[in-house]
Q: 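Before I ask anything, here is the structure I am working with.
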Amino acid sequence: MSAQTTLIVRHAPRLLPLLSALLLAACSTTPVAPPALTAAPAPTQFKESVPAPGQTSPAAEVPDAWWQLFHDPVLDDLQARLVIGNENLKLAIAQVDSARAVLGASRAAQQPTLSAGASASRADSGGNSGPQNALSLNANAAWELDLWGRLSEATRSNEARYQASQADLAAARLSAQATLTQTYFALRAAEAQQAVIERSITGYQRSLELTEVRYQGGVAALSDVLQAKTQLKTAQVQLIEAGSQRAQAEHAIAVLLGQPPSALALSAATPAALPEPPPVPTLLPSTLLQRRPDIRAAERRVTAAYAQIGVADASVFPSLSLSASGGLRSSSLGQLFNPSSLIWSLGSALTQKLLDGGAQQAVVEQARASADQAGASYRQTVLLAFQEVEDNLMLTDRLQAEAELQREALQLALRNLEITQDQYRVGTVSYLNVVTAQTTALSSERTLLDVQTRQLGAANQLLKNIAGRW
């Protein structure tokens, strides 16, 4: 036997852990990459944003605080208070903090651990030697080698989850801002409805007085008076209903700000009117959806799910850990630090499950099913995003046309009311004609407010759908 062979045989016990580690590292697994995420062939622009022939899309400057496009200082102040007090945003922030902590723990699992301790005891074993002291100082180190990438894949998964939680926070903030804007518009719309009904009540009151005078003079019938009173009472009921709607909207705003409803009192706008909706560009690229935080969150969850497949695959292989310990042990404090009190050990451990009833394979299959679910959820999120943008692009265009026609209808109804009231004064028509004309005028004005409110809502939702930018 050669001297080299003799040396290898003599030191074989020391070399076995190193040889085992090198052998196992040569068989490490490959991380599972998610497939290309495509929901459907994405168009270059949205269907409902195609301009008419010869029409160009105007440049639109959108501030970071996109709600400022509505030019309402009260809304601006409410938005500033929202990001401070909203409880759902606080929940999302806590979820981000939790995901960050989980990521930190997974990164720490890849590093060696070191611990130290000290102990002192006095015991009597029952012999003639009497009680004995035992003093020790020790330090222990351990390190699990990431041979198959299980720990690194777990870190990659937790990092993707952390990024998804950040996107969730951005989505929650955007959703809360859009909800506050929508609720604020509902409040102002209720105020505008109140103003319209109050004007109508004033007109109905004058009509009632005129009808009573005509009835007392024997010109009008009692039915005319009753109709006038009925119309007045009906309008008063509608006024109460509009006030209830405003109160509910104000309560909802208070909760969005993280306050009890009793803590918020918004002054009524003077005059009662709705903000003007911002102009929407006639041409929007579909790439705007790449900025949506909910889509980013869904994409990061796909990455996390596929990383979990790598964790599950690596868990079927054995785990190898290295350990070392050292310390001092003595029966007296004076001899504790002598060289003879030194103790130490080095070791390695290789662990492999031999029989688990198929539990590990089930974990792998579950991880792959979860990845399929995450992929399907991502594709559905993208498709819904396209639908939301198309819907609100269509609404902003159609509602603009509706508002123009409804303004014309309102002018005609008001003109008809003037003519009918004049005719009633001279006795050429019955009071039923006046009631019909008044009802039509009020209905037309309230319908116009409804259309304008929907216009604002569609613009608000469109800004939310494209993450506050176009």
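Note that these values count all heavy atoms, side chains included, but never hydrogens, waters or copies made by symmetry.
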Q: Any side-chain heavy-atom pair from Gln95 and Asp168 closer than 4.5 angstrom?
A: no
Q: Does the side chain of Gln308 come under 3.5 Å of the side chain of Ser157 through a donor N or O and an acceptor N or O?
A: yes
Q: So, using side-chain contact (heavy atoms from CB on, under 4.5 Å) as the criterion, who are the partners of Asn158 when residues are at least two apart?
A: Val102, Leu103, Ser106, Arg161
Q: Side chains of Asn88 and Leu256: closer than 4.5 Å at any heavy-atom pair?
A: no
Q: In this structure, which one of Val83, Ile84, Leu89 forms a side chain to side chain contact (heavy atoms under 4.5 Å, CB included) with Asn86?
A: Leu89
Q: Before we go on, tell me: are the rings of Phe70 and Tyr184 under 6.0 Å apart, centre to centre?
A: no
Q: Measure the shortest side-chain to side-chain distance between Tyr378 and Ile295 over non-hydrogen atoms and say whether it is less than 4.5 angstrom.
A: yes
Q: Without swapping roles, check the side chain of Asn460 against the backbone of Ala178 for a donor-acceptor pair under 3.5 Å.
A: yes
Q: Not counting sequence neighbours, which residues clear side-chain contact (heavy atoms from CB on, under 4.5 Å) with Arg296? List them please.
A: Ala167, Ala170, Pro293
Q: Any chance you could measure Ser200, atom OG, to Leu239, atom CG, to the nearest 0.5 Å?
A: 10.0 Å
Q: Does CD belonging to Glu418 count more than 12 external heavy atoms closer than 6.0 Å?
A: yes
Q: Pick one: which of Gln406, Gln400, Arg407 meets side chain to side chain donor-acceptor pair (under 3.5 Å) with Glu404?
A: Gln400
Q: Test side chain to side chain contact (heavy atoms under 4.5 Å, CB included) on Gln238 and Arg446; report intermediate values, then the result.
A: CA-CA 11 Å; Gln238 294 174 346; Arg446 297 189 68 181; 3.4 Å; yes
Q: Can a donor-acceptor pair be found, under 3.5 Å and without considering hydrogens, that links the side chain of Trp143 to the backbone of Gln110?
A: yes
Q: Okay, side chain of Trp148, backbone of Pro318: is any donor-acceptor separation there less than 3.5 Å?
A: yes
Q: Walk me through whether Gln360 and Val363 qualify under side chain to side chain contact (heavy atoms under 4.5 Å, CB included).
A: CA-CA 5 Å; Gln360 189 56 50; Val363 171; 4.0 Å; yes
Q: Looking only at side chains, do Asn392 and Gln461 share a donor and an acceptor under 3.5 Å apart?
A: no
Q: With Glu365, which residues qualify under side-chain contact (heavy atoms from CB on, under 4.5 Å), at least two apart?
A: Gln361
Q: Donor-acceptor check, side chain of Asn433 to backbone of Thr420, threshold 3.5 angstrom: yes or no?
A: no
Q: Would you indicate whether the side-chain heavy atoms of Val389 and Leu289 approach each other to under 4.5 Å?
A: yes
Q: Begin with the C-alpha distance, continue with both residues' side-chain angles, and end with the deciding distance and a verdict on side chain to side chain contact (heavy atoms under 4.5 Å, CB included) for Glu445 and Asp450.
A: CA-CA 9 Å; Glu445 193 164 5; Asp450 289 338; over 6 Å; no
Q: Heavy-atom distance under 4.5 Å between the side chains of Arg425 and Asp422, does that happen here?
A: yes
Q: Are Thr179 and Ser175 close enough that some pair of their side-chain heavy atoms sits under 4.5 Å apart?
A: yes
Q: Do the non-hydrogen side-chain atoms of Ser207 and Tyr424 ever get within less than 4.5 Å of each other?
A: no
Q: Surrounding CD of Gln259 (heavy atoms of other residues, nucleotides or ligands, distance under 6.0 Å), is the total greater than 12?
A: yes
Q: Please confirm whether the backbone N or O of Ile253 pairs with a side-chain atom of Thr183, one donor and one acceptor, at under 3.5 Å?
A: no
